[in-house]
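Take a look at the structure below.
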Amino acid sequence: MKNIIYLILFVIFLVSCSTQNGKSDAYGNFEAVEVIVSALAHGKILDLNVEEGDVLKQDQNLGLIDTTDLALKKKQLLKQKSAISSQMATVDAQAKVQEQQLKNYLVDQKRIQNLFRDEAATQKQLDDIDGAVDLAKAQIQATKVQKKGILNEIEAMEMQIQQVDEMLKNCHIENPVRGTVLVTLSEQGEVASYGKPLYKIANLDVVKLKVYISGDQLPNVKLGQEVEVLVDKDKKANKAMKGKVSWISQTAEFTPKTIQTKEERVNLVYAVKVDVVNDGTLKIGMPGEVNFKTIVN
């Protein structure tokens, strides 16, 4: 009985050694979502505190692009708005005079209408007061249109000021995503234009190992599946890490030439991405391996 147990244990040991010494299920390289941060304004870069390797927070302020022209433009717009707004006071005073005048005409109109019924006023007097009332109403309407035009001008001026405020805000260089600076592309003192690349950044907390599998392996791979990821520890040994399948391509493609032999390049494969929590040792472009049936505890 003991001999049988020893034999079973020996077989399990051989199978384990065979698995450990065998080839991995897939090979590839680590990558991350890289973001190129660009200037959102035009002008001289007065300050830019970015170095390769810096770990930046989201919305962190990093520098400033010259705001002189925009500040002067905003000051000019504010003066124009003030001048237009001053017209509103004149129009409001004019409207009050016209409304009071209309009230007086309406009183006179009623008095002349009574006199006309008593034959104490002429038709001309009645026609004159009716014309005066109609003219006063037309003047009030014209003043309302004038006031509306001024309000529209003020609204348009406020929109222009808001646009300048947004442009001034864009002069402040803010980091859009949390991550590590990979490459700096601009320096302090250079002239930036809208869309000019400033630096490249990527979140390296979780990196993706992109590998390729055959159609035969595809049924054994599922989204969310935990897998074993191997990276080089030294010349002989590998370091095992835990990964999770986050993406599986829906279409087949030819095997990339950079990681396979000529015979294997003619085969159709499916791309798979595995998310791996980075302990600081994983770098973009670094090679890695995946075993789909083995899970690291």
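Just so you know, these numbers come straight off a predicted model, no measurement behind them.
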Worksheet item: Is any NZ, NE, NH1 or NH2 atom of the basic residue among Arg111 and Asp108 found under 4.0 Å from an Asp or Glu carboxylate oxygen of the other?
Response: yes

Practice prompt. Kindly indicate whether the side chain of Glu52, heavy atoms from C-beta on, has any atom under 4.5 Å from the side chain of Tyr199.
Written response: no

Worksheet entry | Asp279 side chain to Thr281 side chain, donor-acceptor N/O pair below 3.5 angstrom | yes

Worksheet item: Do Val33 and Asn203 touch side chain to side chain, with heavy atoms closer than 4.5 Å?
Response: no

Worksheet item: Under a single-linkage definition using a 4.5 Å side-chain heavy-atom cutoff for Ile, Leu, Val, Met, Phe, Trp and Tyr, are Leu72 and Ile161 assigned to the same hydrophobic cluster?
Response: no

Worksheet item: Is any side-chain heavy atom of Lys244 less than 4.5 Å from a side-chain heavy atom of Gln225?
Response: no

Worksheet entry | Contact check, side chains of Ser85 and Ile154, non-hydrogen atoms, under 4.5 Å | yes

Response to the item:
Here the gap from Leu115 atom CG to Thr122 atom OG1, rounded to the nearest 0.5 Å, amounts to 10.0 Å

Worksheet item: Does a side-chain heavy-atom distance below 4.5 Å link Ile284 with Leu204?
Response: yes

Worksheet item: Would you call Glu31 and Lys273 a salt bridge, using N to O less than 4.0 angstrom?
Response: yes

Discussion item. Please tell me whether Asn170 and Tyr194 have a donor and an acceptor in their side chains that are separated by less than 3.5 angstrom.
Written reply: no

Worksheet item: So do the side chains of Tyr105 and Ile129 get within less than 4.5 Å of each other, counting heavy atoms only?
Response: yes

Fill in: Transitive ILVMFWY side-chain link Leu198 to Ile36, under 4.5 Å
no

Worksheet item: Between Lys239 and Asp232, is there a side-chain N and carboxylate O pair less than 4.0 Å apart?
Response: no

Item to complete: Answer yes or no: are there more than 12 heavy-atom neighbours, outside Gln123 itself, under 6.0 Å from its atom CD?
Response: yes

Discussion item. Nearest 0.5 angstrom please: Ile201 CD1 to Asn175 CG, how far?
Written reply: 4.0 Å

Fill in: Leu151 CG to Gln87 CD distance, which is reported to the nearest 0.5 Å
11.0 Å

Item to complete: Verify, without hydrogens or angle tests, whether Asn278 (side chain) and Gly280 (backbone) share a donor-acceptor contact under 3.5 angstrom.
Response: yes

Practice prompt. Step by step, work out the side-chain contact (heavy atoms from CB on, under 4.5 Å) result for Glu228 and Phe292.
Written response: CA-CA 6 Å; Glu228 179 189 52; Phe292 294 106; over 6 Å; no

Discussion item. Please check: side-chain N/O of Ser82 versus main-chain N/O of Leu78, any donor-acceptor pairing under 3.5 Å?
Written reply: no

Worksheet item: So, does Gln188 use its side chain to make a donor-acceptor pair with the main chain of Leu46 at under 3.5 Å?
Response: yes

Fill in: Val206 with Val227, same ILVMFWY side-chain cluster at under 4.5 Å
no

Discussion item. Please evaluate residues Ile150 and Ile84 with respect to the criterion side-chain contact (heavy atoms from CB on, under 4.5 Å), reporting the C-alpha separation (whole Å), side-chain torsions for both, the decisive distance (0.1 Å), and the verdict.
Written reply: CA-CA 7 Å; Ile150 294 174; Ile84 295 173; 3.8 Å; yes

Worksheet item: How far apart are the closest heavy atoms of Ala32 and Ala202, and which atoms are they?
Response: CB-CB, 4.1 Å

Worksheet entry | Rounded distance [0.5 Å steps], CD1 in Ile65 versus CG in Leu168 | 11.5 Å

Discussion item. How close do Lys210 and Ala271 get, counting heavy atoms only, and between which atoms?
Written reply: CE-CB, 4.0 Å

Worksheet item: Can you tell if the side chain of Val277 reaches within under 4.5 Å of the side chain of Asp205, non-hydrogen atoms only?
Response: no

Worksheet item: Is a donor on one side and an acceptor on the other found under 3.5 Å between the side chain of His172 and the backbone of Asn61?
Response: no

Discussion item. Restricting to non-hydrogen atoms, name the atom on Asp165 and the atom on Lys74 that form the minimum distance, rounded to 0.1 Å.
Written reply: OD1-NZ, 2.8 Å

Discussion item. Working to the nearest 0.5 angstrom, can you tell me the gap between Leu40 CG and Met167 CE?
Written reply: 11.0 Å

Worksheet item: With the 4.5 Å side-chain cut-off for hydrophobic clustering, are Ile248 and Leu209 part of the same group?
Response: yes

Worksheet item: Does any non-hydrogen side-chain atom of Asp128 lie less than 4.5 Å from one of Gln125?
Response: no

Practice prompt. For side chain to side chain donor-acceptor pair (under 3.5 Å), just list the numbers for Thr68 and Asp66, CA-CA rounded to whole Å, side-chain angles, deciding distance to a tenth of an Å, and then say yes or no.
Written response: CA-CA 6 Å; Thr68 304; Asp66 189 13; 2.8 Å; yes

Discussion item. So which atom in Ala95 and which in Thr143 form the shortest heavy-atom distance, rounded to 0.1 Å?
Written reply: CB-CG2, 3.8 Å

Worksheet item: In terms of hydrophobic clusters joined by side-chain contacts under 4.5 Å, are Phe30 and Val183 together?
Response: yes

Discussion item. Is it the case that the side chains of Gln217 and Asp25 hold a donor-acceptor pair, with the cut-off being a distance below 3.5 Å and no angle test?
Written reply: no

Practice prompt. Compute whether any side-chain donor of one residue and acceptor of the other, for Glu51 and Thr184, lie under 3.5 angstrom apart.
Written response: no

Item to complete: List the atom of Gly28, the atom of Val211, and the distance in Å for their closest heavy-atom pair.
Response: N-CG1, 3.7 Å

Fill in: Working for side-chain contact (heavy atoms from CB on, under 4.5 Å), residues Ser24 and Leu230
CA-CA 9 Å; Ser24 297; Leu230 300 176; 3.7 Å; yes

Worksheet, complete the sentence: Between Lys57 and Gln60 the two heavy atoms that sit nearest each other are N-OE1, 2.9 Å

Item to complete: Go through the steps to decide whether Glu190 and Lys196 satisfy the test side-chain contact (heavy atoms from CB on, under 4.5 Å), and finish with yes or no.
Response: CA-CA 11 Å; Glu190 294 181 357; Lys196 176 182 174 64; 3.7 Å; yes

Worksheet, complete the sentence: Distance col, row Gln146:CD vs Gln94:CD, nearest 0.5 angstrom, shows 6.0 Å

